[in-house]
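Keep in mind it's a predicted model, so treat the numbers as computed, not measured.
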Amino acid sequence: AKSPSVYYHFREQLMPSFVMRNFGLGFFYREVLNMQANGAGTAMNTFYQKDMAFLLGYNLRIWDGRIKIGFVGKAIDRVELINPNMAFPGNYNLTSVGSEGAGVGGDVGLLLAAPWTYLPTLSVVARDVGSTQFTAGKNIQMVAPGVPKVVTQDYDAGFSVSPILANRTRLSITGEVQSVLAQAASLDPYRYYHAGLELNVYDAFFLRGGMNGHWPTFGMELSTQNLQFQFTYYGVDIGQGTSITEDIRYVAKFAFRF
């Protein structure tokens, strides 16, 4: 109400996990809130999701790792509220206006790395194979009347090369398109294209830059055997239809590994 037409974004997530060679499992928690009041301050475009999930992944290596096939199974409980025109002031109690439900889904990925100079690599991922529906359970996180939206199956595809610049120094150059089916139907397909490069020195210092749709991205990382620090700046296109609107975001990450 105090900032009409200003876009608000909040996100927090946590993923404690146990990872071995070719196998991993973890618990995933994420909460996202995007809101924007109209110019008159009478309604808000509202998007809210809260996920709690258990993930189990396995990677099959073939031909000394030149071919990798990955599988992820996921059991998710989701609380959701999506309303592009929520009255303000109004009822924001999720137990009466939100949705909640549990679902089971899976992702499958294929990675092909050619044993040539620069290691050209092609990857394809099928996400939410067969679509993920949230009708397998109810009232796990809270009691809410509706059912979250179905997440339909879609695909990501990417390509990369990794030239070695010096001893323990290499460069990775990548390009990808996310949500191939959604991109093909979008009025602004450039939102789904990404490109970037990463300079890796001794697997300890990383410098990154690229494009996220229409907007630039920058990042850096310091990594040791047990600690990881990351900082990222990027812009996201939050426009509707063919309009282009940038929302700038800053992300800091800390990880402890043992």
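- Judged by distance alone, with hydrogens and angles left aside, the side-chain atoms of N45 form no donor-acceptor pair with the main-chain N or O of M35 at under 3.5 Å.
- A chain of hydrophobic side-chain contacts below 4.5 Å, direct or via other Ile, Leu, Val, Met, Phe, Trp or Tyr residues, connects V236 to V251.
- Here the straight-line distance linking atom CD of Q230 with atom OG of S223 works out to 8.5 Å at 0.5 Å rounding.
- Partners of N167 by side-chain contact (heavy atoms from CB on, under 4.5 Å), not counting sequence neighbours: none found.
- Using a 4.5 Å heavy-atom threshold, the side chains of R78 and R30 count as touching.
- Linking ILVMFWY side-chain heavy atoms closer than 4.5 Å, directly or via other members, places V19 and Y58 in two distinct hydrophobic clusters.
- Heavy-atom contacts from other residues, nucleotides or ligands closer than 6.0 Å to CD1 of I164 number 12 or fewer.
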Practice item. Check the pair F27 / L55 against side chain to side chain contact (heavy atoms under 4.5 Å, CB included), numbers first and verdict last. Key: CA-CA 6 Å; F27 174 80; L55 309 174; over 6 Å; no

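- Under a hydrophobic clustering in which Ile, Leu, Val, Met, Phe, Trp and Tyr are joined whenever their side-chain heavy atoms come within less than 4.5 Å, directly or via other members, L33 and L14 fall into different clusters.
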Donor-acceptor pairs are to be reported for all side-chain atoms of residues 199-207 against protein atoms at under 3.5 Å, with residues two or more places apart or in another chain.
unit_1, atom_1, unit_2, atom_2, d
N200, OD1, D203, N, 2.9
N200, ND2, D203, OD1, 2.8
D203, OD1, R170, NH2, 3.2

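- Using bins of under 30°, 30° to 60° and over 60° for the plane-to-plane angle, the ring pair Y233/Y250 lands in the tilted bin.
- In this structure, N22 and R61 have side chains that are in contact, with non-hydrogen atoms separated by less than 4.5 Å.
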Review point. Step by step, would you call T174 with F159 a side chain to side chain contact (heavy atoms under 4.5 Å, CB included)?
Key: CA-CA 6 Å; T174 66; F159 181 79; over 6 Å; no

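- One distance of note links OH of Y8 with OG of S3; it measures 11.0 Å at 0.5 Å rounding.
- If you chain together hydrophobic residues whose side chains sit under 4.5 Å apart, V161 and L197 fall into the same group.
- Distance alone, capped at 3.5 Å, is enough to place a donor-acceptor pair between the E100 side chain and the I140 backbone.
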Check your understanding: Given S160 and S172, is the side chain to side chain contact (heavy atoms under 4.5 Å, CB included) satisfied, shown in steps?
Key -> CA-CA 7 Å; S160 71; S172 296; 5.9 Å; no

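- Using a 4.5 Å heavy-atom threshold, the side chains of L94 and L81 count as touching.
- Side-chain contact between F231 and K253: absent, with no pair of heavy atoms (C-beta onward) separated by less than 4.5 Å.
- Residue G103 comes nearest to A136 through the heavy atom pair CA-CB, 4.2 Å, listed as atom of the first residue, atom of the second, then distance.
- More than 12 heavy atoms of other shown residues, nucleotides or ligands fall within 6.0 angstrom of atom CZ in F47.
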Exercise for review: Before giving the answer on side chain to side chain contact (heavy atoms under 4.5 Å, CB included), spell out for M86 and Y92 the whole-Å C-alpha distance, their side-chain angles and the decisive distance to 0.1 Å.
Suggested key: CA-CA 9 Å; M86 175 173 278; Y92 307 116; 3.3 Å; yes

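- Remark: L119 CG to R66 CZ distance equals 10.0 Å, nearest 0.5 Å.
- Ionic pairing of R127 and D154 is not present here: no N-O contact between side-chain nitrogen and carboxylate oxygen is shorter than 4.0 angstrom.
- Using a 4.5 Å cut-off on side-chain heavy atoms (C-beta onward), N34 and F10 make no contact.
- Of all heavy-atom pairs between L110 and L112, the closest is CD1-CD2, 4.0 Å.
- Applying the 6.0 Å contact sphere to CD of Q225 captures no more than 12 heavy atoms from other residues, nucleotides or ligands.
- The distance from atom CG of D77 to atom OH of Y29, rounded to the nearest 0.5 Å, is 12.0 Å.
- The local environment of CZ in R257 is crowded, with over 12 non-hydrogen atoms from other residues, nucleotides or ligands closer than 6.0 Å.
- W215 is not listed as a side-chain neighbour of I248, based on a closest heavy-atom distance of 4.5 Å or more.
- With respect to the salt-bridge test (charged N to carboxylate O, under 4.0 angstrom), the residues E198 and R208 qualify.
- Applying the salt bridge (charged side-chain N to carboxylate O under 4.0 Å, His left out) test to D107 and every residue at least two apart in sequence or in another chain returns K74.
- With 3.5 Å as the limit, one finds no donor-acceptor pair spanning the side chains of D156 and Q178.
- Interatomic distance, OH of Y234 versus CG of D247, reported as 8.5 Å (0.5 Å rounding).
- The shortest distance between side-chain heavy atoms of Y48 and V79 falls below 4.5 Å.
- No option in K149, Q49, K50 other than Q49 meets the side-chain hydrogen bond (donor to acceptor under 3.5 Å, both in side chains) test with E80.
- A donor atom on one side chain and an acceptor atom on the other are found under 3.5 Å apart for N93 and T95.
- Transitive grouping of hydrophobic side chains (ILVMFWY, heavy atoms separated by less than 4.5 Å) brings F18 and L56 into a common cluster.
- Remark: aromatic rings of F229 and F254 are close, center separation under 6.0 Å.
- Under 3.5 Å, the side chains of S179 and R191 contain no donor-acceptor pair of N or O atoms.
- Rounding to the nearest 0.5 Å gives a distance of 11.5 Å between CD1 of I62 and CG of L111.
- Ring pair H9/Y7 is parallel by interplanar angle, where below 30° counts as parallel and above 60° as perpendicular.
- Counting only heavy atoms from C-beta outward, the side chains of N38 and M44 never approach each other to under 4.5 Å.
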